[in-house]
Amino acid sequence: MKGWTAPPAIELPPRYYLDNFYALLEFVEAKYGQLLLASEREFLARFEALSEEARCLFLRLANRKGQCFRLSKLSYPEIGDLQPPLQELLQGGFCLRFCPEHRAELPLVVAVFTRQELCQLWKLLCPGVRGLSALKKEALADRLLQEVDHDELCQAIAASDTVVLQCYLQEYELLKFLFFGHLGGEMSEFVIRDLGLVQYESLALEKLVAKFSSRQEVDDKFWISSVYQQFRELREAPVAEVLYSWYGQQAHRGSQLGAEARPTFDRLTLKLARLLERQQQPHWALEVYRHSPQPPSRERQVRLLHKAGEQQQALELCHQMSTHPLNAEEAIFAQDYCQKLERKKAVRSTTQHLKEADTVHIPREYRYAVEKGVIRHFSEQGYEALFSENYLFQSLFGLLYWDIIFDQDVPVYHSPLQRFPSDLYLPQFLDRRQAQLQARSQVLSTSKRLLKQVRTTYDSKWGLGNPLVGWHENTLPLLEAACRRIPAAALHQVLLAMARNLKEYGRGFPDLFLWTKKEYRFVEVKSPTDALSPQQLYWLRFFKEAGIRAEVLRVAWV
DNA sequence: ACCGGACACCCAACG
DNA sequence: AGGGCCCATG
DNA sequence: CGTTGGGTGTCCCATGGGCCC
Ligand SMILES: [Mn+2]
Ligand SMILES: [Mn+2]
């Protein structure tokens, strides 16, 4: 019965979303009350003064997409007649009734009408109009706005339905942002939790700590996310000149951001520079890459410098990367490229490794399922086999370190709906928990103790959300098969290496785990068209050092 | 941890 | 007239 | 024969209804 979830038997109160918002408010006021601006306080005070029906309606609208709504499309039995609360919202400044004064919002307003309704509006205003049927909705809306007088259009819209524009949405978004600690948090997460669709590890509310300590941090994170949003729009129709000069306007503030907002700026920088490369603008791309130290910035810079004929600079950067690599890819790339630039060697070490691997012949039917073909091959020789991939070591990490991951004595939990510590994927994770993690290796130094710890944690935590652990039918069998056969000390070495930076070292593990009574091995399967990735090579080498048996197997079709 | 990673698979261009 | 996406819902 | 870049499909509550094409 595992994997099957029964339909929710839990019934939520009719106005559950109001309760959820109050839970959110209580938390935000307790943790961030002193960071709120006058406009946000005003919103809260006026919200409190509304009737419950009006508060509910406001939240119903706020939890929908957009800011423009048509009364005729709304129906909320738990609120009842929507007219009185809507009047309240209009009088209280929580909504604006759409009229010609708001013609600037016309594009949004037009979008909430159906294609058919837009045709009718158009025909009403221009009785002779023709040739509309060929246009798709979006094109129709564009043409309508181009060709029809905006004042008349506004009046026709206002006459056909009650259209309202919601206000205070920035304030609402900010409160949500403070509660979740990141953007993109949704009120539906309360519902998902309360229906039991996702189970959270229990967190002590009194131990939660604020994620932001100053308004500056909050504003920075907000600013960079709106900048990133703009980038997504620019990317739709990329023009190199526009991208480059737009980036130039953001770069100054971007480079001064603190630890909370900086990663978003780095992502923006890397994505935008890559886009400039694709636009055949290597010089601009190179300049943009220099604003971020994060991978793959340096790799791209080396390639661009090389192509531009700047051998000295390329080599210098390559050496820096080689001595202080930020991940496996940088390390392996830098080593190979240094040798390439010095004309010592032409083949990448990943392909070299692949070339030296054994080949196995697999029937062509297993195209698109190479690993299954290899499993079949080995099971015919008496092996047992399971898919291992990243699941094995991630779930082992998640289970053996469960209490360390959810340890609230480290200030990394900022919200009741948080599923993992805010530094799980950062280098600080290891820095802050060195002693505990080392101690765990000591205590679980034998396979027997380690295995017992895996089983008891698996049983007691089954079903709880942990990004590293999936509760699938093969999860425990795989863990047991591997932990019984691989020396405990070697497993701890891998786990501690992962802890240095889970973002970079949490992937690249071999495809399969195979075993018989006598032996075991990991196998990374490679189809004829596939290549070995640097992360995969990194772990293959690491396994060899640690005495874990692993090999690459090339597939040839028959 | 902001529709993105992580995989595997396929193809084309270039030396 | 259906198939499929988007979005609101609990 | 090697590298590099580009493209695709898959998975993240579950379900139903409205709208688009
Ligand atoms: Mn794999
Ligand atoms: Mn593989």
Side-chain angles (χ1 to χ4, degrees), chain A residues 5-17 20 60-61 63-66 73-76 78 112-117 133-138 140 177 180-199 211 221-222 224-229 231-232 235 260 263-264 267-268 271 274 277-278 299-300 303 307 333 336-337 340 345-348 350-352 354-355 367-371 387 389-391 394 414-415 417-426 465 467 470 503 506-509 511 524-531 533 535-536 555:
Chain A
T5 42
I10 302 159
E11 192 136 340
L12 264 31
R15 294 178 178 180
Y16 66 91
Y17 51 89
N20 293 341
R60 278 294 200 186
L61 299 184
N63 289 336
R64 278 168 167 255
K65 201 185 171 178
K73 296 278 178 182
L74 303 175
S75 163
Y76 295 117
E78 83 283 359
V112 299
F113 285 84
T114 67
R115 205 199 98 98
Q116 198 186 4
E117 290 166 327
S133 48
L135 296 171
K136 293 186 189 175
K137 181 184 175 178
E138 211 174 325
L140 185 83
F177 170 68
F180 287 104
H182 62 93
L183 279 107
E186 294 291 334
M187 294 307 284
S188 60
E189 292 180 39
F190 282 96
V191 177
I192 290 165
R193 176 197 61 180
D194 295 339
L195 290 178
L197 295 168
V198 168
Q199 288 176 279
K211 182 165 193 172
K221 182 84 192 205
F222 242 70
I224 190 59
S225 64
S226 80
V227 167
Y228 195 87
Q229 187 63 41
F231 169 64
R232 285 223 221 121
R235 178 168 71 171
E260 281 305 329
T264 311
R267 269 224 319 275
L268 168 70
K271 287 233 158 74
R274 196 78 170 107
E277 282 194 76
R278 275 189 259 246
E299 177 184 331
R300 301 310 310 169
R303 290 180 190 278
K307 265 190 225 160
F333 168 82
D336 288 342
Y337 222 76
K340 181 178 170 182
K345 195 183 78 172
V347 267
R348 293 248 262 158
T350 42
T351 46
Q352 185 62 37
L354 192 54
K355 266 187 4 196
R367 270 181 66 139
Y368 305 106
V370 222
E371 295 93 345
F387 279 96
E389 307 266 6
N390 299 333
Y391 309 122
Q394 289 197 4
H414 318 288
S415 137
L417 294 181
Q418 201 175 323
R419 298 188 208 189
F420 55 91
S422 53
D423 64 352
L424 183 61
Y425 294 99
L426 301 174
K503 181 177 189 286
R507 60 207 157 103
F509 294 101
D511 292 318
E524 172 54 48
V525 179
K526 284 299 166 196
S527 80
T529 53
D530 200 7
S533 79
Q535 297 95 331
Q536 289 170 338
V555 165

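These values consider heavy atoms only, across backbone and side chains, with no hydrogens, waters or symmetry-generated copies. Since we're looking at a predicted model, the values are computed, not measured. By convention in this document, chain letters (A, B, ...) are assigned in the order of the sequence lines, proteins followed by strands, and residues within each chain are numbered from 1.
Each of D:dG7, D:dC20, D:dT4 was ranked by its minimum atom distance to the side chain of A:Arg348; first place goes to D:dT4. You'll find that the side chain of A:Arg303 is closest to D:dG5, out of D:dG5, D:dC19, B:dG5. Among B:dG4, D:dT4, D:dG5, the nucleotide with an atom closest to any side-chain atom of A:Lys340 is D:dT4. Candidate nucleotides D:dC19, B:dA6, D:dT3 were compared by shortest atom distance to the side chain of A:Arg507, and B:dA6 ranks first. Taking only side-chain atoms of A:Arg235, from C-beta outward, the nucleotide of B:dG4, D:dG2, D:dT4 with the closest atom is B:dG4. Distance from the side chain of A:Ser188 is smallest to D:dC13 among D:dC19, B:dA6, D:dC13. Side-chain proximity of A:Arg274 to B:dA6, D:dG5, D:dC20: nearest is D:dG5. When each of B:dC3, B:dC10, D:dG6 is scored by its nearest atom to the side-chain atoms of A:Ser527, the top-ranked nucleotide is B:dC10.
OP1 and OP2 of D:dG18 both lie 4.0 Å or more from every side-chain N or O belonging to A:Lys137. Dashed line: the shortest gap from a side-chain N or O of A:Gln536 to OP1 or OP2 of B:dA8 is under 4.0 Å. Between A:Asn390 and the phosphate of B:dA6, there is no side-chain N or O to OP1/OP2 separation shorter than 4.0 Å. Listed pair A:Lys307 / D:dG5 fails the phosphate criterion, with no side-chain N or O lying under 4.0 Å from OP1 or OP2.
Residues passing the side-chain hydrogen bond (donor to acceptor under 3.5 Å, both in side chains) test with A:Arg303, sequence neighbours excluded: A:Glu299.
Put simply, chain A comes within 4.0 Å of DNA chain C, heavy atom to any atom, from C:dC7 to C:dG10, going 5' to 3'.
Between C:dG2 and B:dC7, the two C1' atoms lie 35 Å apart (nearest whole Å). One P atom belongs to C:dC5, the other to D:dT8, and the distance between them is 15 Å to the nearest Å. Spacing between C:dG4 and D:dG9 at atom P, rounded to whole Å, works out to 14 Å. When the P atom is used for both B:dA1 and C:dT9, the distance is 29 Å, rounded to whole Å. Comparing the C1' positions of B:dG5 and D:dC12 gives a spacing of 12 Å, expressed to the nearest Å.
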- [ ] Given salt bridge (charged side-chain N to carboxylate O under 4.0 Å, His left out), test A:Lys307 with A:Glu277 step by step and report yes or no.
- [x] CA-CA 12 Å; A:Lys307 265 190 225 160; A:Glu277 282 194 76; 5.4 Å; no
- [ ] Begin with the C-alpha distance, continue with both residues' side-chain angles, and end with the deciding distance and a verdict on side-chain hydrogen bond (donor to acceptor under 3.5 Å, both in side chains) for A:Thr114 and A:Glu117.
- [x] CA-CA 5 Å; A:Thr114 67; A:Glu117 290 166 327; 3.2 Å; yes
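Residues A:Leu424 and A:Pro467 share a closest heavy-atom pair of CD2-CG, 4.0 Å.
When rounded to the nearest whole Å, the span between NZ of A:Lys73 and C1' of D:dC19 equals 9 Å. For the pair A:Glu277 CD and D:dG6 P, the computed distance is 8 Å after rounding to whole Å.
A distance-only check finds no donor-acceptor pair linking the side chain of A:Lys211 to the backbone of A:His414 [under 3.5 Å].
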Task: Pairing pattern in dot-bracket form [Watson-Crick, G-U; both distances under 3.5 Å; | = partner strand] for DNA chain B - done: ....|||||||||||
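Less than 6.0 angstrom separates the ring centroid of A:Tyr425 from the ring centroid of A:Phe420.
The glycosidic torsion of D:dC12 lies within 90° of 0, placing the base in the syn range.
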